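The structure displayed is predicted, hence computed values, not measured ones. Numbering of residues begins at 1 and proceeds along the displayed sequence.
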Amino acid sequence: MKAWQRSSPIPWLPRRKLDPYRFPGMRGLSDSGETGARGSLPGSGPPPRGPGPEERRRLDLYACLTAAGIRPLAADLRAIEVLSALDDVTHATVRRWISGTS
């Protein structure tokens, strides 16, 4: 049996659980899967807003890990989500620990 013919099903994840920075094509799609629904096509809704504080902290954490030479694994996404939900002061401390600066 070839690798792509495995009998185990691929686990289904709701679109809101997918990280929009790792899967940028998911941003404009609705969770229902109906492509004809109004507002589900990119550009048909309100203009995009800037990233919120949690999304900004997530991006900062990815940048800090990348700069330190640490590649986050798929299993690390939950930890990154939790760390991104922390306040700005704690988040700055975690980034300082990763980068090794004082």
Side-chain angles (χ1 to χ4, degrees):
M1 179 178 284
K2 295 182 181 180
W4 55 272
Q5 292 177 330
R6 290 189 182 135
S7 60
S8 62
I10 298 172
W12 181 83
L13 289 174
R15 288 191 177 127
R16 60 185 163 75
K17 289 285 191 178
L18 294 175
D19 188 358
Y21 299 102
R22 293 187 69 200
F23 305 99
M26 302 302 290
R27 286 185 187 152
L29 299 176
S30 68
D31 242 353
S32 66
E34 297 175 5
T35 57
R38 186 160 201 243
S40 65
L41 298 175
S44 63
R49 296 178 291 140
E54 189 171 323
E55 293 176 46
R56 180 186 45 79
R57 288 190 292 264
R58 181 178 305 150
L59 286 174
D60 288 346
L61 188 56
Y62 273 118
C64 187
L65 289 168
T66 303
I70 302 167
R71 186 177 137 229
L73 303 174
D76 299 337
L77 294 179
R78 176 68 180 139
I80 289 172
E81 179 182 326
V82 169
L83 290 171
S84 298
L86 298 172
D87 62 288
D88 284 333
V89 174
T90 307
H91 185 70
T93 303
V94 170
R95 285 191 341 247
R96 183 175 45 86
W97 290 343
I98 293 170
S99 64
T101 60
S102 45

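With rounding to the nearest 0.5 angstrom, the CG atom of L83 is 12.5 Å from the CG atom of D60.
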E54 and R57: CA distance, side-chain angles, deciding distance, salt bridge (charged side-chain N to carboxylate O under 4.0 Å, His left out) verdict: CA-CA 5 Å; E54 189 171 323; R57 288 190 292 264; 5.1 Å; no
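Side-chain contact between L61 and R58: absent, with no pair of heavy atoms (C-beta onward) separated by less than 4.5 Å. Side-chain contact check for L65 versus I80: some heavy-atom pair is nearer than 4.5 Å.
The two residues T90 and L86 make their nearest non-hydrogen contact at CG2-CD1, 3.7 Å.
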